[in-house]
Participant: 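Attaching a single structure in structure tokens format; questions to follow.
Order of appearance sets the numbers: ligands from 1, and atoms from 1 within every ligand.
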Amino acid sequence: MSNWSHRHVLDLAAFSLADYATVLELAQRFRAMPVAGARKLPALQGRLMTSLFFEPSTRTRSSFELAAKRLSADVQSFSPSSSSLSKGESILDTARTYVAMGANVLVVRHRCAGVPQGLARDLDQAGESVAVLNAGDGLRSHPSQGLLDLFTLARHFNPELPTPEALRGKRIVIVGDVLHSRVARSNLWALTACGAQVVLCGPATLLPDAFSGFVDAPPPGLAADPVAQRGPIQVVRSLEEALPGADAVMTLRLQKERMHQHLLTSLDRYHQLYGLTHQRLALCGKPVPVLHPGPVNRGVELAGSLLDDPATSLVEEQVRNGIPIRMALLYLLAAKGASA
Ligand code: NCD
């Protein structure tokens, strides 16, 4: 853990290969912990994790809360509808209120890109030592999901040693609404860092050509790319072109709530062209796993029979892996002495 240098986890663009290796190694250790019996590790005893979710969530929030409890942290959560936000309190003042109550980690989700980053900067400037963990900001970033997807894939390719190297040279197809997906963006940083060959597939309205250059320059605020050489990103328009030779396929939810223009003719037409079915998956030429971050629109981006097929679907495995990944992140940010 000696080279871990992040005070916050905001965006995987800032992760080096060593950072991915550290998180995966810790997650593998936490995953091996017996679930029954001695369930809790004392690592975060006396520490407080507060979840500030300004946008709905099923998996991410519960997963962070369970992860914190398994490390013996105290857990507090905030719901915007019943809070003073409705009386006009700013997000920063809300966050500072929880910091004053002793929060050591704030897990933040917001529908606007940049909110967790802004909070981290303002709290740093105010001299607070609290860590901010981004649980999804707008379309921009969802680092814990990118890491749990990486962990799930690495475990699939090398169950004994799920390191970043397990992804090197693998053809990973990501299909669907890339434009509105913070999950896809975080996966692009993670997968290319590990040397995977990423193939993005979707209609031009949901997948602009420019995505092939997504990792070519570090995002604003990051002086240089911490990864020396990244795997390539290819943009293709049909599954018939994307799937042959694939090693894994990740489907994305059509984010209807974020679509403010008519980007699709119909959901039926979308399913015909881009919906993943057993028949389509056979184009890969060998058995390959299917991932989806959830929640799934059954029968739209993914056939229900494929989602429920335990021989192919890694969707529940992703949910399971989310807990040790979030334990690893909380441990790295909040355990006393973990970053020493
Ligand atoms: C994703 C999200 O909220 O970004 N879900 C999740 O965290 N598992 C993806 C989505 O909403 O489609």
Participant: Is the number of heavy atoms from other residues, nucleotides or ligands under 6.0 Å of R96 CZ greater than 12?
Facilitator: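 No, because the 6.0 Å sphere around CZ of R96 holds 12 heavy atoms or fewer from other groups.
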
Participant: Show me a pair-per-line table, with atom names and distances to 0.1 Å, of protein N or O atoms that are under 3.5 Å from an N or O of ligand 1.
Facilitator:
residue, atom, partner, partner atom, Å
ligand 1, 3 (O), R109, NH1, 3.4
ligand 1, 3 (O), R109, NH2, 3.4
ligand 1, 3 (O), R182, NH2, 2.9
ligand 1, 4 (O), R182, NE, 2.7
ligand 1, 4 (O), R182, NH2, 3.2
ligand 1, 5 (N), G294, O, 3.0
ligand 1, 7 (O), T60, OG1, 3.0
ligand 1, 7 (O), R109, NH2, 3.1
ligand 1, 7 (O), H142, NE2, 2.7
ligand 1, 8 (N), Q145, OE1, 3.2
ligand 1, 8 (N), P293, O, 3.0
ligand 1, 8 (N), G294, O, 3.3
ligand 1, 11 (O), R253, NE, 3.3
ligand 1, 11 (O), R253, NH2, 2.9
ligand 1, 12 (O), R253, NE, 2.6
ligand 1, 12 (O), R253, NH2, 3.4
ligand 1, 12 (O), Q255, NE2, 2.8

Participant: Using a strict threshold of under 4.0 Å (side-chain N to carboxylate O), is an ion pair present between R298 and D308?
Facilitator: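 Salt bridge flag = yes for R298 with D308.
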
Participant: Hey, is R168 close enough to E165 for a salt bridge, meaning N to O under 4.0 Å?
Facilitator: no

Participant: Is E25 salt-bridged to R29, going by a charged N under 4.0 Å from an acidic O?
Facilitator: yes

Participant: I'd like to check Q145 versus S186 (side-chain heavy atoms, cut-off strictly below 4.5 Å). Are they in contact?
Facilitator: no

Participant: Please name all residues satisfying salt bridge (Lys or Arg N to Asp or Glu O under 4.0 Å) with R182, sequence neighbours left out, ordered by chain then number.
Facilitator: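 For R182 the salt bridge (Lys or Arg N to Asp or Glu O under 4.0 Å) partners, ignoring immediate neighbours, are E55.
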
